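In what follows, a single structure is set out as structure tokens and then discussed.
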Amino acid sequence: MDIVPLLKSLSEAPGVSGYEHQVREIVLAEFGRHADETWSDPLGSVIALKRGTAAEPRPAIMLATHMDEIGLIVSEIEKGFLHFEMVGGYDGRVLIGQEVVVHGRADLTGIVGSRPPHVLSASERDKPIPYDKLLIDVGLDPDELPNLVRVGDLVTMKSSLTELKGGLAAGKALDNRVSVAAAAVCLEELARVRHLWDVYAVATAQEETGLKGAITSAFGLWPDVAIAIDVTWATQPGTQDEYTFDLGSGPTIGHGPNFHPKLNKSLEDTAQSLEMSYHLEPAARVGGTDAVALQTTREGIPTALLSIPLRNMHTPVETVSVKDIERTGRLLAAFIAGLDESFLDSLVWDLGLDADDD
Amino acid sequence: MKDLMKRLTEAYGPSGDEEQIRDLIRAEVESLADELRVDTLGNLIAAKKGQGGGKRVMLAAHMDEIGLIISYVDEKGFLRAQPIGGLDLTTLAGGRIVFSDGAVGVIAPENREDFRKEPELSKLYIDVGATSYDEAKGRLGQPAGFLRPFVDLGKRVVAKAFDDRIGCVVLIETLRRLQDTPHEVYFVFSVQEEVGLRGARTGAYGVDPEIGIAVDITASGDTPEARKMAMKLGAGPCIKVRDSGMLAHPGVKDLLIETAEAREIPYQLEVLAAGSTDAAAIQLSRSGVPAGCVSVACRYYHTPSEMVDVDDVENTVRLLVALLEEPIEL
């Protein structure tokens, strides 16, 4: 699979939380290529079902990759300029000077303006300007602006995917469109192998505003096992080794109370059998990914988390290694292909874990 | 409607102790509803069954109000309290609270200078006029609401607990005026919103709606040096796009906008920086529910002197009645 063109279309599509319709169309088409059925649920998550070959009732695994992105939303229009609030946590320090697209009655290019350094007082110059003091300028005069833009319109970064040397790609919304691409790789791999379990590949909505699509889609599907795929912090100058992972060194497997140890062991075994590079990512506290919601759905779902290292998180230049996307997709596919009828039994605490010696 | 506003806002009902306000609302809606029940948490649910062919719609307004709960009684009979919901501490000193039995207490700071510098609830005590520990000890564990009369300023009205008794007024009036609807409409007067949207969560699970709309207050940006936001008093119901707990379903938001425009009802669009409503809980019920919110712009929310505009209330009722009279396709 040629990942870069897919990643480019995913990255460049606008899809702020709650307003994922454009990226949803891309995902429906891409997941649909290898799925038996695709649909959207009430909150707008995309669900693609690829049926397994075991006799019914078949166990099912859910992959959760959120497709929403962080963005801005117009909160007030004043004298030809737009005030905004955040949808999700944009790094406010990088907003000044950005080109943006205001999704009004038409898509309008705008810029996040800033008063020149020459006119700032010394104290203002040294500090980042809080985002509620920033304004978006689309160039229209105060009379025309309300005809095209109104309060509640969404704003995304105007940013195209850039390929860097060394197999890296940079762009907006790679958190978490890289994982959507990894799920697409997984589905394509699964088209070539036999798998017993049903697979629900879910591109969840509204993760950045509270894991909402995962909460509701997992309730509806009620899978036997769930794996969230998200991004993690990649190593870059000034980061702590303890919390970061090198780009291009494979996905991480989350370890901690959010994750089922036996599920993790199977994922590790699979990675080793593929001779694939991966890292363990300890997470003592329950984090902020879809995995948090999946685990406590209904009576509980055994859950794991794969993460793809990414630099410059929550900026318009999020940077990843394309190779890590491909690896994550292959790991998922190999894991799913290895799921048999007895795997669920091995997850039962009293029966499986203590007796496990294989 | 002002009479109803007065009676509902002056009633007692901090989160978790909504019996009195529930009885008051029940008396209003009893004769109007096709079905009436109170669920396990105490939500009052009034159903209006339409002619059929429509959707199962849940409207939610919360009955509970912010308040205090008595956490300690000292040897002289002074009380200490913990918060119920998000309090604006600077507005408490000098105010009064009322218990469910009608008894009143005065809130006072230990030391005014110190409290002004650093307002903390632990620096306030409540004086119920007791002359001994024994006289006051029965208050331990009791919730209390704030005491403040409703005031009619003409176009604007002021009261405690407009958050969200004004939503309750809107729901009651909507139920009263709604004659023909294809929908099965559940008017949910919810409990415990101020402590985490708890009533709406179970209410929505029970009703299992196909569409949910909360009616609540929202902040306004039309006062001196207010944070920049578009909502103002008197400009019509606020159709919520986003608050810090929810993004309204775009289909629900657009339906409200189209309805308002078709019926020539004034409206404004709402992007709220902080705060949320029952709609955030409804949205996450079961497999997810398309949810939205209609808000009444309110100045000085979470103080004992919340102010709303009477025309906004009237137009909010008109908008909901108009919405429910027509078929709903998202």
Side-chain angles (χ1 to χ4, degrees), chain A residues 16-21 24 39-45 47 68 71-79 81-89 103 130-135 146 149-155 204-206 208-222 293 297-298, chain B residues 55 197 201 204-205 208-212 218-222 226-232 235 238-254 256-257 261 267-276 279-293 295 330:
Chain A
V16 177
S17 310
Y19 290 78
E20 296 93 353
H21 47 279
R24 182 157 57 234
W39 67 95
S40 304
D41 78 358
L43 258 63
S45 298
I47 299 165
D68 61 315
L72 314 176
I73 186 167
V74 176
S75 61
E76 171 69 306
I77 301 173
E78 191 182 30
K79 298 174 187 155
F81 293 88
L82 307 174
H83 293 272
F84 58 88
E85 293 289 340
M86 302 254 192
V87 178
H103 304 282
Y131 76 85
D132 62 350
K133 303 281 185 250
L134 297 177
L135 294 163
V149 181
R150 66 186 183 200
V151 169
D153 286 343
L154 281 297
V155 180
T204 56
Q206 298 195 39
E208 297 286 2
T209 53
L211 319 179
K212 298 195 166 182
I215 291 171
T216 56
S217 61
F219 184 96
L221 299 172
W222 202 8
T297 298
R298 297 199 185 218
Chain B
K55 291 245 183 331
L197 321 178
R201 189 164 300 139
Y205 191 94
D208 194 13
E210 293 166 278
I211 171 173
T218 190
S220 77
D222 61 350
R227 186 188 179 107
K228 294 291 177 192
M229 60 180 113
M231 299 81 79
K232 43 183 170 289
C238 303
I239 297 173
K240 193 184 292 284
V241 182
R242 178 264 190 195
D243 61 32
S244 60
M246 183 195 67
L247 287 141
H249 187 285
V252 175
K253 176 201 72 178
D254 289 343
L256 287 163
I257 292 172
E261 287 179 350
Y267 72 94
Q268 27 185 350
L269 292 165
E270 173 193 349
V271 172
L272 181 66
S276 200
I282 299 170
Q283 181 181 46
L284 295 184
S285 188
R286 299 190 186 224
S287 301
V289 178
C293 177
S295 317
L330 293 181

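Scope of the values below: all heavy atoms of this structure, side chains included, with no hydrogens, waters or symmetry mates. Because the structure is a prediction, the values reported are computed rather than measured.
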Roughly how far, to the nearest 0.5 Å, is [atom2] of [Y] from [atom1] of [X]?
{"X": "A:Ile215", "Y": "B:Arg286", "atom1": "CD1", "atom2": "CZ", "answer": "16.0 Å"}
{"X": "B:Glu270", "Y": "A:Ser75", "atom1": "CD", "atom2": "OG", "answer": "11.5 Å"}
{"X": "B:Lys253", "Y": "A:Tyr19", "atom1": "NZ", "atom2": "OH", "answer": "3.0 Å"}
{"X": "B:Lys228", "Y": "A:Leu82", "atom1": "NZ", "atom2": "CG", "answer": "13.5 Å"}

**Asked** Based on non-hydrogen pairs under 4.5 Å, which of B:Val241, B:Leu247, B:Ile239 is most in contact with chain A?
**Response**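 The answer is B:Leu247.
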**Asked** How far apart are the closest heavy atoms of B:Ser287 and A:Gly220, and which atoms are they?
**Response**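 That closest heavy-atom pairing would be OG-CA, 3.3 Å.
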**Message:** To check you understand the geometry: which heavy-atom pair defines the closest contact between B:Gly288 and A:Thr216, and what is its length?
**Reply:** CA-CG2, 3.4 Å
Give, as side chain, backbone, both or neither, the part of [X] having an atom under 4.5 angstrom from any heavy atom of chain A.
{"X": "B:Gln268", "value": "neither"}
{"X": "B:Ala248", "value": "backbone"}
{"X": "B:Ile257", "value": "side chain"}
{"X": "B:Met246", "value": "both"}

**Item:** Side-chain ion pair, B:Arg227 and A:Glu85, N-O less than 4.0 Å
**Value:** yes
**Prompt:** Name the one of A:Asp153, A:Val74, A:Val151 that satisfies side chain to side chain contact (heavy atoms under 4.5 Å, CB included) with B:Leu269?
**Reply:** A:Val151
**Message:** Could you check whether any side-chain heavy atom of B:Leu284 comes within less than 4.5 Å of a side-chain heavy atom of A:Lys212, counting everything from C-beta outward?
**Reply:**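 Sidechains of A:Lys212 and B:Leu284: in contact.
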**Request:** Mind ranking A:Met86, A:His21, A:His83 by heavy-atom pairs under 4.5 Å with chain B and telling me who comes out on top?
**Result:** A:His83
